[in-house]
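Here's the structure we're looking at; comments come further down.
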Amino acid sequence: VSGSWADPGLDQNGIAWAREAIDSVAPWQHPGAYANYISQPEAPPAASAMYGSAIYAQLAQVKQAYDPANVFRSTRTIIPAAAQDPSEAQ
């Protein structure tokens with residue numbers, strides 16, 4: 001579900017509508033998520049479920065090798081393997 005509106009004053013209602021729409025189709029959802037559409041509530045801890053634990057572990061090793069300080073991060077961040085807690089990498 002992707003919602004958009006021009007008036008910032010409608011943000012609360014629009015976001016609530018989108019979340020309600022997502023919840024209404026949840027019984028038919030496919031496990032995981034599409035990486036380009038991961039949202040803030042699904043951020044780092046749920047990212048491992050999105051990729052699967054084995055692939056996420058490999059991605060975390062690559063992240064540790066090339067970006068250990070987690071400089072390049074977003075809502076769909078892979079946490080570097082050395083970080084114990086997602087909040088430590090920010």
Side-chain angles (χ1 to χ4, degrees):
V1 173
S2 179
S4 63
W5 46 92
D7 182 355
L10 298 174
D11 285 357
Q12 272 190 321
N13 289 338
I15 292 169
W17 171 86
R19 289 185 177 152
E20 183 178 317
I22 290 168
D23 291 344
S24 73
V25 296
W28 300 280
Q29 76 181 12
H30 187 294
Y34 180 58
N36 287 336
Y37 288 106
I38 194 167
S39 65
Q40 203 65 23
E42 299 167 321
S48 68
M50 178 176 61
Y51 294 110
S53 59
I55 293 172
Y56 185 85
Q58 291 175 332
L59 291 169
Q61 291 293 329
V62 171
K63 181 76 169 189
Q64 178 60 34
Y66 292 97
D67 185 20
N70 203 24
V71 173
F72 301 101
R73 63 182 177 269
S74 70
T75 57
R76 51 193 168 271
T77 293
I78 303 296
I79 303 301
Q84 297 296 313
D85 178 12
S87 63
E88 292 177 11
Q90 297 178 14

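Bear in mind the structure is a predicted one, so any value in this text is a computation, not a measurement. Residue indices begin at 1 and follow the sequence shown. Only heavy atoms go into these numbers, but all of them, side chains included; no hydrogens, no water, no symmetry mates.
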Mind checking side chain to side chain contact (heavy atoms under 4.5 Å, CB included) for Tyr66 and listing every partner two or more places apart, or none if nothing turns up?
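By the side chain to side chain contact (heavy atoms under 4.5 Å, CB included) rule, Tyr66 matches Val62.
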Under the rule for side-chain hydrogen bond (donor to acceptor under 3.5 Å, both in side chains), what residues qualify as partners of Asn13, not counting sequence neighbours?
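With sequence neighbours excluded, Asn13 shows a side-chain hydrogen bond (donor to acceptor under 3.5 Å, both in side chains) to no residue whatsoever.
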Minimum heavy-atom distance between Gln64 and Pro80, given as atom pair plus value
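Heavy-atom minimum between the residues: OE1-CB, 3.2 Å.
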Give every residue pair that meets the salt bridge (Lys or Arg N to Asp or Glu O under 4.0 Å) criterion with at least one member in residues 47-58, sequence neighbours excluded.
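Output for this query is empty, none listed.
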Residues 3-10 side chain polar contacts: donor-acceptor under 3.5 Å, at least two apart:
residue: Trp5; atom: NE1; partner: Asp11; partner atom: OD1; Å: 2.7
residue: Asp7; atom: OD1; partner: Gly9; partner atom: N; Å: 2.8

